[in-house]
J.: 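Below are the structure tokens for one structure; questions will follow.
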Amino acid sequence: MPLRFVTKPKRTSASSSSLSFLINPTFTLFSYHSFPSPTPQRNTNPKPDQTLCLSSKLRALPAQQSPSSYYVSLLQSCIARKAINPGKQLHAHLWHMGLGLDIVIATRLVNLYCVCDSVTDAHILFDRIPKGNVFLWNVLIRGYAWNGPYEAAISLYYEMLDYGLVPDNFTFPFVLKACSALSAIAEGRKIHEHAIRTGWEKDVFVGAALIDMYAKCGFVGSARQIFEKIEVRDAVLWNSMLAAYSQNGCPDESLALCSEMALAGLRPTEATLVTVISASADIAALPQGMELHGFSWRHGFESNDRVKTALVDMYAKCGSVLIARNLFERLKEKRVVSWNAMITGYAMHGHATEALVLFEGMKEKALPDHITFVGVLAACSHGGLLDEGWMFFESMERDYRIDPTVQHYTCMVDLLGHCGRLDEAYDLIMQMKVLPDSGMWGALLNSCKIHGNVELGEVALEKLIELEPNDSGNYVILSNIYAQAGKWEGVARMRKLMIDRGMKKSIACSWIEVKNKVHAFLSGDNSHPDSDAIYAELNRLGVRMKEAGYVPATGSVFHDVEDDEKTTMVCSHSERLAIAFGLISTPPGTRILITKNLRVCEDCHDAIKFISKITEREITVRDINLYHHFGDGICSCGDYW
DNA sequence: ATAGGGTTAG
């Protein structure tokens, strides 16, 4: 479960200032110690560092060269190497020489502090110099857009307007990036207006930034409008639009746009492929992903590690862990992202041992990060490995200096829940240093459902209602907990609560890809052209399942109806329709891969076990939490999900 | 003179 509830951690911004020598002019970093007198002295510092390199360069200043251009090139090399300390020495020197207010030099100094993640220092310097040109503002706005606080980038932009300056084609991408980071749609729209008024809306750079801003705020339609308005479209602009679709759950549109891009005569770039491959990974569209695999190879990306890592992720998410592993082994260089994709791939499929063995191998080759540990802990959780889980959880802080985030705690809650230690899970939530989110309470609620703990389930639901009041799924789970415990008055209360609050049960949907076409089914759906054949297959299966000992369990049917009717309802759950369709439209022995937007219900889970045995098929169901691999009557999740 | 848009793992 924790693999699904994820948010990006916020980047922290540089806060302390080290420009004291500017605030207090009597203090200077520039001293004879760092800039030795012409007579060379023995260096008392055991480690000759960049400071001394720089000071010798300053000493060697050629007389005929203008000091300004010489310093500019020195500054440029500090910027290129992100060399903050030599840069500060140079800054002090320039200030001493009276060149600190030179606009070209000052702008580069502001840039230096920005690229060295010292935006606060950059701003202090900015406040002390003339601000007559847009360039200088752009550099600082970019500094904030990259490092945060993002609000500062936006307020600086407005200060710039107040100052009487007109934003240019560089200003817009920077300030829009800050809007994207904040999902600040209102600000983004205003700035879009400014771009129209200043005539920059159709610039490819501004356009790409606008597309990205609208996409990150969830407005794909607006993003597409921008895209349509731009006449010379380059690859990056196409990629922005592809990403917009992928990020907003429109992988089909993303794939379609990719073909359009090819028709328009543009060669795919690395970003194109990574984006569309990850889009097909998201819907577990294996045939489509395989086609993209071939497409990438044909376009010369066979040895591209980033594309290959995206393919590793795609194959893993489509249930082909072996192919994923094979590609993973062929990477020229395994970076953290690649290890993480493979480890989380194993974790999602419940291959706990493989995930942990891989992690041991990784430790010697790359530095694990917080995502690695989410994967490792999720693996422990799926495998019910309590001791190992605690060991990794403790090691994370002790050996890698990674502070556990809410996701790591969620994995631990899930793991404790898995092992039936619900009170310990609750205690952990109470004593942890991070704020519990809906994923955390969701994990606890899920554990309560599995172990039939009504009391803690009620606590979890109460918290969930505060955090995500419109998610009906939570009410349904608690209702199911009541139903399993035979507490029908609880079931009735939940139903009343849902009606009073105008909530509807989320619509379940399952889909399967057959011959490059996605076939989606809702619960009780009979709109598919082969509907009759599908229900006939379900009936045939029903008879054989009964013979094999299957008894329909109706506990997970939320509605209070008669048993017969309940049976009919679970029998037409969307995953069963998709599976039946898969059975009649693929040759015997073909593996069937189903994706479902919600969790699989108990009865379907049980039924699919029987179906896998009777039909001798391998059936994989990817539900909202994890993969269920059914084969020969058992499921890889060990009935814990 | 100096700066720029898109992509992967949870």
Side-chain angles (χ1 to χ4, degrees), chain A residues 1-9 68-69 72-73 75-76 79 102-112 114-115 133-143 145-146 168-177 180 203-213 215-216 226 230 234-244 246-247 254 268-279 281 304-314 316-317 328 335-345 347-348 368-378 405-408 410-411 439:
Chain A
M1 164 164 296
L3 287 174
R4 144 174 95 123
F5 299 105
V6 286
T7 47
K8 284 205 166 104
S68 178
S69 71
V72 163
S73 75
L75 260 175
Q76 204 56 26
I79 291 167
D102 178 285
I103 189 65
V104 173
I105 287 178
T107 304
R108 287 198 193 230
L109 280 169
V110 172
N111 190 22
L112 170 76
C114 286
V115 300
N133 80 12
V134 182
F135 203 103
L136 174 66
W137 291 82
N138 287 351
V139 167
L140 192 59
I141 291 173
R142 186 193 63 171
W146 281 0
D168 65 10
N169 52 333
F170 284 85
T171 320
F172 288 118
F174 299 150
V175 70
L176 285 168
K177 196 173 180 63
S180 299
D203 178 272
V204 271
F205 285 86
V206 177
L210 282 168
I211 289 172
D212 182 56
M213 182 276 294
K216 296 264 161 59
I226 305 284
I230 295 166
D234 66 0
V236 177
L237 198 80
W238 283 89
N239 293 347
S240 314
M241 197 59 227
L242 291 174
S246 301
Q247 288 158 3
S254 171
T269 66
E270 178 187 288
T272 313
L273 294 167
V274 168
T275 307
V276 288
I277 291 170
S278 77
N304 184 305
D305 274 359
R306 283 166 203 262
V307 172
K308 209 172 271 174
T309 298
L311 286 169
V312 167
D313 177 51
M314 185 277 294
K317 287 196 174 138
F328 173 79
R335 293 168 310 121
V336 192
V337 186
S338 325
W339 288 100
N340 290 354
M342 198 64 236
I343 290 174
T344 48
M348 282 185 293
D369 64 8
H370 67 282
I371 295 164
T372 317
F373 278 99
V374 173
V376 167
L377 295 175
T405 66
V406 69
Q407 298 159 45
H408 299 108
T410 303
C411 291

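Below, each value reflects all heavy atoms present in this structure, side chains not excepted, and no hydrogens, waters or symmetry copies. For clarity, every value in this text was computed on a predicted model and none was experimentally measured. Chain letters run A, B, ... following the sequence lines, proteins first, then strands; residues in each count from 1.
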J.: Walk me through it: do A:Ser254 and A:Ser246 pass the test side chain to side chain donor-acceptor pair (under 3.5 Å)?
T.: CA-CA 6 Å; A:Ser254 171; A:Ser246 301; 3.3 Å; yes
J.: Of the nucleotides B:dA3, B:dG5, B:dT7, which has the atom closest to the A:Val274 side chain?
T.: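 Of the options given, the side chain of A:Val274 lies nearest B:dT7.
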J.: The side chain of A:Phe174 lies closest to which of these nucleotides: B:dA3, B:dT2, B:dA9?
T.: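 In terms of side-chain proximity for A:Phe174, the closest of B:dA3, B:dT2, B:dA9 is B:dA3.
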J.: Out of B:dG10, B:dG5, B:dT7, which has the shortest distance to the side chain of A:Ile371?
T.: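 The closest nucleotide is B:dG10.
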J.: Return the set of residues passing ring-ring contact (aromatic ring centres under 6.0 Å, His included) with A:Phe328 (not counting sequence neighbours), or none when no residue passes.
T.: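 A:Phe328: ring-ring contact (aromatic ring centres under 6.0 Å, His included) contacts with A:Trp339.
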J.: Could you state the CZ-C1' distance from A:Phe373 to B:dA9, rounded to the nearest angstrom?
T.: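 Result: 15 Å.
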J.: Look up atom CZ in A:Arg306 and atom CD1 in A:Ile277, then write down how far apart they are to the nearest 0.5 Å.
T.: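 Between A:Arg306 CZ and A:Ile277 CD1, I get 13.5 Å after rounding to 0.5 Å.
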J.: Check if the side chain of A:Asp234 and the base of B:dG5 share a donor-acceptor pair of N or O atoms closer than 3.5 Å.
T.: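 Donor-acceptor pair under 3.5 Å: yes.
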J.: Can you give me the closest heavy-atom contact between A:Gly375 and A:Ile343, atom names plus distance?
T.: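 Distance-wise, the nearest heavy atoms are C-CG2, 4.1 Å.
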J.: Nearest to the side chain of A:Phe170, which nucleotide is it out of B:dG4, B:dT7, B:dG5?
T.: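 The closest nucleotide is B:dG4.
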J.: Measure the distance from CD1 on A:Ile79 to P on B:dG4 and round it to the nearest whole Å.
T.: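 Computing the A:Ile79:CD1 to B:dG4:P distance gives 10 Å.
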J.: Are the side chain of A:His408 and the backbone of A:Phe373 linked by a donor-acceptor contact shorter than 3.5 Å?
T.: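 No: the side chain of A:His408 does not pair with the backbone of A:Phe373.
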J.: Among B:dT8, B:dG4, B:dG10, which nucleotide sits nearest the side chain of A:Ser278?
T.: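 Closest nucleotide to the A:Ser278 side chain: B:dT8.
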J.: What nucleotide among B:dA1, B:dT8, B:dT2 has an atom nearest to a side-chain atom of A:Arg306?
T.: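 Per side-chain heavy atoms of A:Arg306, the pick is B:dT8.
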J.: Residues in side-chain contact (heavy atoms from CB on, under 4.5 Å) with A:Asp369, at least two apart?
T.: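 A:Val336, A:Asn340, A:Ile371, A:Thr372.
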J.: Confirm from the modelled atom types if A:Asn138 and B:dA3 form a donor-acceptor pair under 3.5 Å, side chain to base only.
T.: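 Such a pair exists between side chain and base.
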J.: Categorize A:Ala310 for me: base, sugar-phosphate, or nothing, with a 4.0 angstrom heavy-atom threshold over every strand shown.
T.: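 Nothing, no nucleic acid heavy atom in range.
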J.: For A:Asp305, report the nucleic acid contact type (base, sugar-phosphate, nothing); a contact means any heavy atom under 4.0 Å.
T.: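 The answer is nothing, as A:Asp305 stays clear of every strand by at least 4.0 Å.
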J.: Separation of A:Asp203 atom CG from B:dG5 atom P, in whole Å?
T.: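 Distance check: A:Asp203 CG to B:dG5 P gives 12 Å.
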J.: Whole-Å distance between B:dG5 C1' and A:Ile141 CD1?
T.: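 Taking CD1 of A:Ile141 and C1' of B:dG5, I get 16 Å after rounding.
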J.: Rounded off to whole Å, could you give me the CG-to-C1' distance for the A:Asp212 and B:dG5 pair?
T.: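 One finds 8 Å between C1' of B:dG5 and CG of A:Asp212, rounded.
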J.: Nearest to the A:Val337 side chain among B:dT7, B:dT8, B:dG5, which nucleotide is it?
T.: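 The answer is B:dT8, which lies nearest to the side chain.
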J.: For the pair made of CE in A:Met342 and P in B:dG10, what is the distance, rounded to whole Å?
T.: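 My rounded result for the distance is 12 Å.
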J.: How many Å lie between CD1 on A:Ile103 and C1' on B:dA3, as a whole number?
T.: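 A:Ile103 atom CD1 is separated from B:dA3 atom C1' by 14 Å.
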J.: For the side chain of A:Asp313, starting at C-beta, report the closest nucleotide among B:dG4, B:dA9, B:dT2.
T.: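 Closest nucleotide to the A:Asp313 side chain: B:dA9.
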J.: It should be established whether A:Lys216 places a side-chain nitrogen or oxygen under 4.0 Å from OP1 or OP2 of nucleotide B:dT7.
T.: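 Yes, because at least one side-chain N or O of A:Lys216 sits under 4.0 Å from OP1 or OP2 of B:dT7.
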J.: If you check every side-chain atom of A:Asn340, which of B:dA9, B:dT7, B:dG10 has the closest atom?
T.: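 Of B:dA9, B:dT7, B:dG10, B:dA9 is nearest to the side chain of A:Asn340.
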J.: Could you tell me the separation between the CG atom of A:Asn169 and the C1' atom of B:dA3, rounded to a whole number of Å?
T.: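 To the nearest whole Å, that distance equals 10 Å.
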J.: State which of B:dG10, B:dA9, B:dA3 makes the closest approach to the side chain of A:Met348.
T.: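 In terms of side-chain proximity for A:Met348, the closest of B:dG10, B:dA9, B:dA3 is B:dG10.
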